[in-house]
Amino acid sequence: VHTLSSLVKGCFVTGKTLDALDFWNGLVREGVEPNIVAYNTMIQGFCSYGNMEGALSVFSHMEETWHSPNIRTYCSLINGFAKAGSLEDAADIWNKMLTNGCCPNVVAYTSMVQALCKHLKFKEAHFLIENMSKGQCSEAVPTFNAFIKGLCEAGRLDWAEKVFREMEQRYRCSPNIVTYNELLDGFLKGNRTKEAYDLSQEISIRGLEWSLSTYNTLLHGFCRSGLPGPALQLTGKMLVDGKSPDSITYNMIIFAYCKQGKADIATRMLDLVSCGGRNWQPDVISYTNLMWGLCNSSGIDEVVALLERMISEGILPN
RNA sequence: UGUACAACCUUAUAGC
């Protein structure tokens, strides 16, 4: 059984879902009796690819053979359905979990809050959080983060701010850098620049460290507002602070140049950063954006050439 | 020796 779990896990992490299924079917047919770990590995594997039919079929097999799911099983399924945007299915699993006498942990709460937020059920999400025990609340940063993100995305910034204050004062749960990044992004996208700035200062005051996402979030705000000065200043600060840009950083800058009609600069930037010993590889997004930029400023030939270059580098068009 | 990357943040686009 241990071998089965390992094989299945290996197949999933390398993207070979079908092989995972083959191993599973083969060994089960030969009389290997899957245990809870093997079942969870299979279910989590399917869920991580959004293959909820696959996950459910394993789950049914589990029920038919009288194997009890544990909290990990339920978490995988709820999270899978939350990501797939299926609130009803997530709620079904949640209820089944309670029926079977399995108590939700903070991971389960986080996924369920996500599912509710996707459907703008903020009152219900709040109610769910209220149900958590005191001890759970203090450990539930991701749960509050999921809630805050949902509120920000829906433009309910004031509500998000309220949750931000309450999580600490009422629930004794200190925000982390992710919490700050989400709010920062929310304020920037809502054009509440002053509050965004204040918040960015508060991070260091509170003894937290800016993450790469913090820089990227701010950079995106500057690029979006067409503020090349602050944007360049921030990339400078990034390097001084010892943070290496990633694909998100590069793609944002390339796109910003394209939007300004400066596809030539964007092209040079891509070449500069990806060639000559640099370790960045442009991805589909980089190329797509650059092609879009070239469409506006160059001839079709250049665009086609870039497309061919992308394909020759082993990146398939989406 | 097996689920141990089970949950939370940041980038483009077209179509519907």
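Since this is a predicted model, take the numbers as computed values, not measurements. So you know, we letter chains A, B, ... as the sequences are listed, proteins then strands, and number each from 1. Quick note: numbers below take in every heavy atom, side chains included, and nothing from hydrogens, waters or symmetry partners.
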So, OP1 or OP2 of [N]: does either fall under 4.0 Å of a side-chain N or O from [X]?
| X | N | value |
| --- | --- | --- |
| A:K149 | B:rC8 | no |
| A:H220 | B:rA12 | yes |
| A:K9 | B:rU1 | no |
| A:K83 | B:rC8 | yes |

*Are A:F164 and A:F144 near enough that their ring centres are under 6.0 Å apart?*
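Centroid separation for A:F164 and A:F144: 6.0 Å or greater.
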*Taking the six-membered ring for Trp, are the ring centroids of A:Y39 and A:W24 within less than 6.0 Å of each other?*
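Ring centroids of A:Y39 and A:W24 are less than 6.0 Å from each other.
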Under 4.0 Å between any heavy atoms, over every strand shown, what does [X] touch: base, sugar-phosphate, or nothing? Just pick one.
| X | value |
| --- | --- |
| A:T217 | sugar-phosphate |
| A:V8 | nothing |
| A:V106 | base |
| A:T41 | sugar-phosphate |
| A:S6 | sugar-phosphate |
| A:D185 | sugar-phosphate |

Tell me which nucleotide among [options] gets nearest to the side chain of [X].
| X | options | value |
| --- | --- | --- |
| A:E182 | B:rC9, B:rG2, B:rU11 | B:rC9 |
| A:I248 | B:rA12, B:rA7, B:rU10 | B:rU10 |
| A:Q114 | B:rG2, B:rU10, B:rC8 | B:rC8 |
| A:N145 | B:rG2, B:rC8, B:rA6 | B:rC8 |
| A:N35 | B:rA6, B:rA7, B:rG2 | B:rG2 |

To the nearest angstrom, how far is [X] atom [atom1] from [N] atom [atom2]?
| X | N | atom1 | atom2 | result |
| --- | --- | --- | --- | --- |
| A:L290 | B:rA12 | CG | C1' | 12 Å |
| A:N79 | B:rU3 | CG | C1' | 15 Å |
| A:F164 | B:rC8 | CZ | P | 20 Å |
| A:N216 | B:rC9 | CG | P | 14 Å |
| A:M112 | B:rA6 | CE | P | 21 Å |
| A:I203 | B:rC9 | CD1 | C1' | 11 Å |
| A:N176 | B:rC8 | CG | C1' | 8 Å |
| A:L294 | B:rU13 | CG | P | 16 Å |

*Quick one: does A:D241's side chain have a donor or acceptor within less than 3.5 Å of a partner on A:K243's backbone?*
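Such a contact is absent between A:D241 side chain and A:K243 backbone.
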_Determine whether a donor-acceptor pair (one donor, one acceptor, N or O, separation below 3.5 Å) exists between the side chain of A:N105 and the base of B:rA6._
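Side chain to base: pair found, below 3.5 Å.
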*Ignoring hydrogens and angles, does a donor from either the side chain of A:T110 or the base of B:rA7 sit under 3.5 Å from an acceptor on the other?*
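Such a pair exists between side chain and base.
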_Among A:N181, A:N176, A:V113, A:V163, exactly one meets side-chain contact (heavy atoms from CB on, under 4.5 Å) together with A:N145. Which residue is that?_
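Result: among A:N181, A:N176, A:V113, A:V163, A:N176 is the only option passing the side-chain contact (heavy atoms from CB on, under 4.5 Å) with A:N145.
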_A:Y257 atom OH: more than 12 heavy-atom contacts under 6.0 Å_ =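 Atom OH in A:Y257 is not packed in, count stays at 12 or less.
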*asked:* Using 0.5 Å steps for rounding, measure from the CD atom of A:Q281 to the CD1 atom of A:I315.
replied: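 Result: 7.0 Å between the selected atoms.
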In whole Å, what separates the [atom1] atom of [N] from that of [M]?
| N | M | atom1 | answer |
| --- | --- | --- | --- |
| B:rA4 | B:rC8 | P | 15 Å |
| B:rA7 | B:rU3 | P | 14 Å |
| B:rU1 | B:rC5 | P | 15 Å |
| B:rA6 | B:rG2 | P | 13 Å |

*Using the ring pair (Phe, Tyr, Trp, His ring centres under 6.0 Å) rule, take A:F187 and A:Y197 through it: C-alpha gap first, then chi angles, then the decisive distance, then the call.*
CA-CA 9 Å; A:F187 282 135; A:Y197 177 80; over 10 Å; no
